> 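Below: one structure in structure tokens.
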Number of protein chains: 2
Amino acid sequence: MAAADEAARGVAGATLVRSGTKHAENPATPRGRRPGQTDTKKLILEAAGRLFASAGYERTTIRAVAERAGVDPALVMHYFSSKEGLLRAAMEWPVDVDQIARGIFEGDPEHIGERLVRTVCGLWEDETTRHPLVVILRNSVQHEDAGRLASEFVRQVIVGQLVSRTDDPSAPLRGLLAHSALVGLVAVRYVIGIEPLASASVDEVVQAAGPALQRYLMGDIGAGDEVT
Amino acid sequence: MAAADEAARGVAGATLVRSGTKHAENPATPRGRRPGQTDTKKLILEAAGRLFASAGYERTTIRAVAERAGVDPALVMHYFSSKEGLLRAAMEWPVDVDQIARGIFEGDPEHIGERLVRTVCGLWEDETTRHPLVVILRNSVQHEDAGRLASEFVRQVIVGQLVSRTDDPSAPLRGLLAHSALVGLVAVRYVIGIEPLASASVDEVVQAAGPALQRYLMGDIGAGDEVT
DNA sequence: GTCTATATTCCGATAGAC
DNA sequence: GTCTATCGGAATATAGAC
């Protein structure tokens, strides 16, 4: 868990350790640390991601983020200008979406749905990619920025990949249907955590939901193959 | 739209009209108003539902609710004790869920999925049932009460109906998969509002999503018919 | 039942010393 | 870059008059 090492340099000691040591003589790094840049920003960002994910935007206070990161609240403002700026930074995509999309859509077309489900589950199971995704999903129904970000992701990745590989005019709707299924799956399994879906294995989820996604993307929808 | 008549007795005048007139001589109503009970509570609840739905729990202030309802903020506290109490009241199911569930699951088993999608869309298109549903969905990923409420609804209605009508051990998982699909559909179409799904007709949505739901509920999931 | 006044708390943001 | 001190505001909730 990433929680452990964070706790190790937790609230109590970090402030003292960090303060006053602008850049000590450290010949280990060839040129020394680049001036005006420490890892404090990353610490703050990690803490913010965790709190935004678990408590939401409004309930998360800058003071709490600073405390968890072991820094001064004013530093958070200094780096991110405002609470909204902090939220935007915490929502940055932690992965190369294009590469992931290609990994899904290249390969045999028979199992695109299953690969899609498996990949998405993988992103949510991984501790490093999970928090930003939770933040985006939680705030998609609350914060305008997050909603736009989610929409752009859909259009850019799922729909984009689909449209570029077919001349089916119903591709946008297909992509969006697949996206809606994933949103629901992720919300129920990872965010709300309703059983028995929350503790089912990834394989079970892939087996159960993969074909539905496959049908949205490649199979019949509506009466024929076309839906306006 | 219900917004119009509410605006009619809007912010500006209502307070003055209501204040001071404890119960004016009004021989039109036979016995006068029943003492100790007015429609103020319902007014507050309507305003709260609207604001909780559009702005979320944290951004909605009791002051704003009171202003929109045309009453004093202290009255809101008097009726609902706290802001949380107001939220709980605003999340009350506006429909008879059992009756709706029976309407879906009774009838030919071939089109349960389509009836389910059509019914859910109907609830979200109807102005009177929409607000409480939005409140529940928005807060499901934020507020613990709302999450539990949503979970109970799933277990009680979809899963319950399914389990009571079959001896398939995978019924709980099936019901939950269907629920997750509906959650995603509703979130994308009604809450976030991503095109082209947001402006598609109900018939198109039913045609596109119905079979997927049908498959979750009645068809093959996983390798065989059983998933632990 | 309705309203006034206020107690209490806590937040985001700023200014400026070191 | 880092931190102290504080401003200005808004929120929920309470106490009590009418």
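In the text below, chain A, chain B and the rest are named by the order of the sequence lines, each starting its count at 1. From a predicted model like this one, the values you see are computed outputs, not experimental measurements.
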> Tell me: OH of Tyr79(B) to C1' of dC3(C), nearest whole Å?
12 Å
> May I have the list of side-chain donor-acceptor pairs in residues 95-103 of chain A shorter than 3.5 Å, sequence neighbours left out?
residue, atom, partner, partner atom, Å
Asp96(A), OD1, Asp98(A), N, 3.2
Asp96(A), OD1, Gln99(A), N, 3.3

> Is the terminal nitrogen or CZ of Lys41(B) (NZ for Lys, CZ for Arg) located under 6.0 angstrom from the six-membered ring centre of Phe80(B) and within 45° of that ring's axis?
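Output yes; distance and angle both within limits.
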> Nearest 0.5 angstrom please: Asp72(A) CG to Arg63(A) CZ, how far?
10.0 Å
> Can you give the donor-acceptor pairs under 3.5 Å from side chains of residues 177-186 of chain A to other protein atoms, not counting sequence neighbours?
residue, atom, partner, partner atom, Å
Ser180(A), OG, Leu177(A), O, 2.8

> What integer distance in Å separates Asp72(A):CG from dT2(D):P?
10 Å
> Is it the case that the side chains of Ser201(B) and Asp203(B) hold a donor-acceptor pair, with the cut-off being a distance below 3.5 Å and no angle test?
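Asp203(B) vs Ser201(B): no donor-acceptor pair found between side chains.
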> Output one letter per nucleotide in nucleotides 6-18 of chain C: B when a protein non-hydrogen atom lies under 4.0 Å from the base, S when only the sugar-phosphate is that close, - when neither is.
-----BBS-----
> Nearest whole Å is fine: how far is dT2(D) P from Leu75(A) CG?
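It works out to 5 Å between those atoms.
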